[in-house]
Amino acid sequence: MRKLIAGNWKMNCLKGEGIELARDLGMRYAQENDPAFDLLICPPATLIDAVGNVIAGSGVLLGGQDCHAEPKGAHTGDIAAPMLADLGCSHVIVGHSERRQNHGEIDLVVAEKAAAAHRAGLAAIICIGETEAERDAGHALAVCTRQLAGSVPKGATADNTVIAYEPVWAIGTGRTPTAADVAEVHRHIRAELCRQMSDADRVRILYGGSVKPSNAAELMSVPNVDGALVGGASLKAEDFWAIAQACS
Ligand code: 13P
């Protein structure tokens, strides 16, 4: 399966830095002869338009980091999925653990956001993953089962849905699960998706959490790992590019 390397910039980058970073990546991707991977940038909402202009024509994809479940209305500070589509986004991240933790987003809310993304013609990158306590208690697979059942909406297909497995304890910590642990969880996710969708074998399942150039090749070679969702290392063009190169 063609891999998807996605950069989640989170709440980082003022305009100048963001444009420079996007321009660098756009140039690298445009110069790559027949790239073996899709490259996606998810900047903060303030920069989506500017980044979109900079990467136009390069083949790099654009995404949002969150969307509201409603297409418009009185929701101060929120962003609707059609607004993201309007700016040229093809993807939107929903249910990131930072949204689940800091904004109290439960599975039902995540499913509604993903459904809104689908209605707007966007692919939803639905994030799941266990906390450290849940892993220590031996519940990692059960947590993923529960989150998949609750967060993946009806109508999800391989074309409009990407799953990102991001163990919460691996995000921004420099710690990653072993390749064997990642393989176990991704195999489990694939099997669970097969119960919910007819084309589950084509759904891309990304790994996220402390992906960096030094571990990317190993993680990306794990069966059922179809790409990466990268936080910190996506803020440096050289590092993000090196991670993408690990797929080719
Ligand atoms: P880090 O790559 O900084 O660990 O973040 C991962 C992440 O949360 C991507 O969504």
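One-based numbering, in listed order, for ligands and for the atoms of each. In what follows, residues are counted from 1 in the order of the sequence shown. The model shown is predicted, which means the values in this text are computed figures rather than measured ones.
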Exercise. Can you list the atoms of ligand 1 that are under 4.0 Å from a heavy atom of Ala170?
Worked result: 4 (O)
Exercise. Taking NZ, NE, NH1 and NH2 as the nitrogens, is one of them in Arg190 or Asp226 under 4.0 Å from a carboxylate oxygen of the other?
Worked result: yes
Problem set entry | Distance-only polar pair, side chains of Thr176 and Asn215, donor-acceptor under 3.5 Å | no
Problem set entry | Pairwise side-chain contact, Val230 with Asp239, heavy-atom cut-off 4.5 Å (strictly under) | no
Exercise. Which option out of Glu98, His96, Arg175 puts a heavy atom nearest to atom 10 (O) of ligand 1?
Worked result: His96
Problem set entry | Proximal atoms of ligand 1 relative to Leu229 (non-hydrogen, under 4.0 Å) | 9 (C), 10 (O)
Exercise. With atoms numbered from 1 as shown, which atoms in ligand 1 lie under 4.0 angstrom from a non-hydrogen atom of Ser210?
Worked result: 1 (P), 2 (O), 4 (O)
For this session: Look at ligand 1 and say whether Lys10 reaches it with a heavy atom at a distance under 4.0 Å.
Result: yes
Problem set entry | Proximal atoms of ligand 1 relative to Glu166 (non-hydrogen, under 4.0 Å) | 6 (C), 7 (C), 8 (O), 9 (C), 10 (O)
Exercise. Angle class for the Phe37/Trp241 ring planes (parallel below 30°, perpendicular above 60°, tilted otherwise)?
Worked result: perpendicular
Problem set entry | Between CD on residue Glu192 and CE on residue Met197, distance to nearest 0.5 Å | 13.0 Å
Exercise. Just checking, any donor-acceptor pair under 3.5 angstrom between side chains of Glu130 and Tyr165?
Worked result: yes
Exercise. By number and element, which atoms of ligand 1 are closer than 4.0 Å to a non-hydrogen atom of Gly209?
Worked result: 4 (O), 6 (C)
Exercise. At under 4.0 Å between heavy atoms, which part of Ser234 makes contact with ligand 1: side chain, backbone, both or neither?
Worked result: neither
For this session: Give the single entry among Gly174, Gly172, Gly231, Gly129 that approaches atom 4 (O) of ligand 1 most closely by any heavy atom.
Result: Gly172
Exercise. Rounded to the nearest 0.5 Å, what separation is found between the CD atom of Glu134 and the CG atom of Leu141?
Worked result: 12.0 Å
For this session: Answer yes or no: is there an ion pair linking Arg100 with Glu166, defined by an N-O contact shorter than 4.0 Å?
Result: no
Seminar exercise, completed: A student checking ligand 1 against Gly232 at a 4.0 Å heavy-atom cut-off should list atoms 1 (P), 2 (O), 3 (O)
Exercise. Going by the atom numbers of ligand 1, which of them fall below 4.0 Å from some non-hydrogen atom of Asn8?
Worked result: 9 (C), 10 (O)
